[in-house]
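Letters A, B, ... mirror the listed sequences (proteins, then strands); counts begin at 1. Below, all heavy atoms of this structure are taken into account, side chains as well, without hydrogens, waters or symmetry copies. This one's a predicted model, so the numbers in the text were calculated from it and none came from an experiment.
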Amino acid sequence: MADDYRVIGTPVVRPDGAEMISGQAVYGPDVTQPGMLWGKILRSPLPHARIRSIDVEKARALPGVTVITARDVPDRRYGYAIEDEQIFAVDKVRYVGEPVAAAAAPDEERALEALSLITVDYEELPAVFTAAEAARDGAPLVHDELGPARSVYLASWNPVHGTNIIHQASHHRGDVDAALARADYVFEDTFHASQIHHSYMEPHATLAAARSNAVTVWTCSQEVFQLRTLLAGLFAIPESRMRVINTKVGGGFGGKIEPRLEPVAVALSVHSRKPVKIVMTRAEEFTAAAGSTPATVTVKTGVTKDGTLTVRDIDFLWDTGAHAEGLPPSNRAMKDGNGPYRVHDLRISSTLVYTNKMRGTQLRGLGVPEGAFAIESQMDMIAERLGMDPLELRLKNILEEGDINSIDDVVQSIGLRECLVSVAKEIGWGEPKPANVGRGLSVIAKSPTTHSSISSAYVQFNEDGSAQVLVGASEIGQGMSVVMCQIAAEVLGLPVEAVGIASADTGTTPYDRGTFSSRVTFYTGMAVKLAAEDARKQLLEVASRMVEIPQDDLAAAEERVVSPAHPELSLPFREVLERAHSYERPILGRGTYGGKGDYPTLPHKAQRKEYVPGWKYAAQAVEAEIDEETGIVRVRRIASAHDVGKSLNPVSVDGQIIGGVVMGLGYALHERLQFDQGRIVNPSFMDYKIPSSQEIPEIKPIAVEVPLPEGPFGAKGIGELAIVGIAPAIGNAIHEVLGVRLKELPLHPERVLDAVESQRKRNGG
Amino acid sequence: MALLELKVNGQEVRVEAPDTALLLDVLRERLALTGAKRGCETSHCGCCTVRVDGMAVHSCVVLAVRCEGKAIATVEGCGDGMELDRLQRLFLEHGAVQCGYCGPGMLMAAQALLEQNPAPTLDEVKKGLDGNLCRCTGYTPIFDAILAYGRGE
């Protein structure tokens, strides 16, 4: 695409790259403060039990040690959506890993010694471990009472009191039952997506310092502002005295959105009057942080003989564990569960259920991978039954410009067809191949965050003519830092090296909802663009007074104020800023973006057929070698095409695609948290394997550029979609080779062999 | 407690630490060299990779006392402290660093590999990095950076 950007679209290296690759970046576990203590948390060994008593006397007798339990902290409940958690278990524990007490000491060994001296007397209670069990009448209750919900969620929150069903919602249009009765074929299948772990390399780490009348928290978080509001409320101090500073964040993937160590660290610091640092062990990460929210998905699809999809009825049952952090994915599935398809009649139901297990929370893709595994597997089943090519069936039914999508939005700026055609071409769809090699496709879509998506930015000129970007969104590795500098540099007429960035510190940066749901490039990016435009306007105002040329005739380019009408004019920014800082005012541009005011969302939304910008589309294709004797699936090649609107930085875009695809590979082939009576039995990187260097296939990232007019320079978000759709594409490749359909993730060798074996039995072999 | 005499990044240092102290803890907590990261405690993630007499090791499972008399190299010794070296620059140019937490360990593993095998093939690079996990990049950009180094870029 021809454009004349200087900085946008070029492979600029990240401004924070050098400090990271030289070991100087300060991550959560690296932060220290003078006089700091180390904190450790005593966690429940039981999935469901009443706490009869806790004896901390011996532990407290250790010199220099602070020990706290529920009795020592505010008796308040918290949670971003549903307030169903307290700092320590009160009266009963609800999962193996729940905090019961904590100790702070001058070193970790002493803190652990203190924990070993605490005795807790438990009375075990009957527990529930699957969503299906927990949803039944008469199941033991994980929470005796449901809620409360935070006020912004109240309107759409629909619990079934007296049960474990914390939220139930459904969305429908048309007459689904009549349409199913009319369809030439109806397909009904049930799929299971497993619970995976985020497995960021940096464990959770927090340092809290409560001093006289203020608290400072250093932590590796995706959302510092929500966290500040929660902590200030929990400890009843004004937000002006609760400062949350992001450390460098070593990966998040949705696992560092909600509070984990922060409330305990603050409580320990308040009691010890010293700064307290807590760092999770990897075992704690696997057993007490969170995983994805797993789902069972039942899909009914009606199709005409010519392969036109007419109706879908999709039912999601989500297992959120002991806390309702699965609410966002369960709600998102109601928008995105149907995938990028045109259907006339549609019903999507979603039920979120508590169980006595570690919580499920948001994970890259936010409820979309679970639905896509079901939908995209079933699409190939439909194609087989109708004798159609899976590519042809998809091309016939995918959304196109001007269509009405699943939630009655008008579809605009969609590059999905081009994505699908390009991955099919890249993988060699329809070309000859050996009998043990299969190919599979998937198409995917994800909706924008229509609420909770406020971003703001400041862009400030320094005295030497360079500039500073201040944003409250978190850099978690996605490359926001470079993209925001590029956007500001492009607008300001500066080289990108002359733009610095500060991010995510509630004491200095302006409000941003945070880093989640592929939203930062779009929303924070727009805020930065607007702030830079504001700063440029202010700069030109000052310049206009200096050179006595109307502001409208001035422009900013190459660190100078110039004028097409006055070619001789070449005023360095530095001179304008000397004037501004000495005689006028420092130049501080402001920008805000988001806030459509369309809350409450889906279940209550009237049919409106309006256009909501920021839908994301992608297509994936895989080629895999399947060993019928061992069940081992070796993925050889993957092509992954994404409608990115406009690629702001091709290295960052490729990085998001390849990284997401590889995470999708783990999700597809081997990742799964395994439980025995509520206890996780594979809490290490030895037993919970994420993809390693030796299993990486050849990956071809493809950026399709259909500009989003509302986005910064036409850009859309790209962070999540690449994880979605890899699992069904591999499942489709397995089916092509072996003729078996796997409906449960992960697609590991045992499952493949079992499926082959039962097929043999069915065929009387 | 023991008084250890270690040689870290070419400098002799004396440091007091328990007999059972792990090299990673001595580097991070006693010498304030936090470039080596703790990611798992069980020698699976490789974020703590440093070099001992040239060999890439997981410092979370090496006793510090066993490293006396050996040359310990950490990421802090790469480049000259201000300027990046060629391999570090290639890591950045190829997008081999996203969250960056695995970066120092990856870099040390890559250095050890390239010293033994100055122009590795893709398969050799993949084998050479088998002890180091990355959750962000999908490894491919890291392979590209190391291959580019091998080609003399």
Enquirer: Got a second to check how far I658(A)'s CD1 is from Y139(B)'s OH, nearest 0.5 Å?
Expert: 13.5 Å

Enquirer: Any side-chain heavy-atom pair from R38(B) and P29(A) closer than 4.5 angstrom?
Expert: no

Enquirer: Could you name each residue pair satisfying salt bridge (charged side-chain N to carboxylate O under 4.0 Å, His left out) that touches residues 126-139 of chain B, not counting sequence neighbours?
Expert: E671(A)-R135(B)

Enquirer: With a 4.5 angstrom heavy-atom cut-off, could you sort out which part of L84(B) is near chain A: side chain, backbone, both or neither?
Expert: side chain

Enquirer: I'd like to check V26(A) versus T34(B) (side-chain heavy atoms, cut-off strictly below 4.5 Å). Are they in contact?
Expert: no

Enquirer: CD of Q694(A) to CG of L129(B): how many Å apart, nearest 0.5 Å?
Expert: 9.5 Å

Enquirer: With rounding to the nearest 0.5 angstrom, report the CG to CE distance, N132(B) to M201(A).
Expert: 10.0 Å

Enquirer: Determine whether V13(A) and E93(B) make a side-chain contact, defined as any pair of heavy atoms from C-beta on separated by less than 4.5 Å.
Expert: yes

Enquirer: With the side chain counted from C-beta on, respond yes when D30(A) and R28(B) share a heavy-atom pair under 4.5 Å apart, and no when they do not.
Expert: yes

Enquirer: With rounding to the nearest 0.5 Å, note down the distance linking OG1 in T140(B) to CG in D654(A).
Expert: 10.0 Å

Enquirer: Decide if atom NZ of K7(B) counts as having more than 12 heavy atoms of other residues, nucleotides or ligands within a radius under 6.0 Å.
Expert: no

Enquirer: Is chain B contacted by the side chain of I476(A), its backbone, both, or neither, given a heavy-atom distance below 4.5 Å?
Expert: backbone

Enquirer: Is atom CD of Q116(B) surrounded by more than 12 heavy atoms (other residues, nucleotides or ligands) closer than 6.0 Å?
Expert: no

Enquirer: Got a donor-acceptor contact below 3.5 angstrom from the E41(B) side chain to the R282(A) backbone?
Expert: yes

Enquirer: Mind listing the closest non-hydrogen atom pair of G251(A) and C99(B) along with its distance?
Expert: N-CB, 3.3 Å

Enquirer: So which part of C136(B) gets closer than 4.5 Å to some heavy atom of chain A, the side chain, the backbone, both or neither?
Expert: both

Enquirer: Nearest 0.5 Å, please: how far is CD1 in I142(B) from CD1 in I696(A)?
Expert: 9.5 Å

Enquirer: Is chain B contacted by the side chain of V651(A), its backbone, both, or neither, given a heavy-atom distance below 4.5 Å?
Expert: side chain

Enquirer: Among L133(B), V97(B), T137(B), which residue has the highest count of heavy-atom pairs closer than 4.5 Å to chain A?
Expert: L133(B)

Enquirer: Between A25(A) and chain B, with a heavy-atom cut-off of 4.5 Å, which part of the residue counts as in contact: side chain, backbone, both or neither?
Expert: backbone

Enquirer: Before giving the answer on ring pair (Phe, Tyr, Trp, His ring centres under 6.0 Å), spell out for Y101(B) and Y27(A) the whole-Å C-alpha distance, their side-chain angles and the decisive distance to 0.1 Å.
Expert: CA-CA 8 Å; Y101(B) 200 76; Y27(A) 293 84; 5.1 Å; yes

Enquirer: I need the residue from I690(A), V662(A), N649(A) with the largest number of non-hydrogen atom pairs under 4.5 Å to chain B.
Expert: I690(A)

Enquirer: Applying ring-ring contact (aromatic ring centres under 6.0 Å, His included), can you list everything that pairs with Y149(B), at least two apart in sequence or on another chain?
Expert: none

Enquirer: Are the side chains of E76(B) and S22(A) in contact, using a 4.5 Å heavy-atom criterion?
Expert: no

Enquirer: Between R14(A) and Q98(B) (side chain of the first, backbone of the second, donor and acceptor by atom type, cut-off under 3.5 Å), is there such a pair?
Expert: yes

Enquirer: Which region of E698(A), side chain (C-beta onward) or backbone (N, CA, C, O), has a non-hydrogen atom less than 4.5 Å from a non-hydrogen atom of chain B, or is it both or neither?
Expert: neither

Enquirer: C134(B), C102(B), G39(B), G35(B): which one forms the most heavy-atom pairs within less than 4.5 Å of chain A?
Expert: G39(B)

Enquirer: Which one wins on heavy-atom pair count under 4.5 Å against chain A: C40(B), A36(B), A32(B)?
Expert: C40(B)

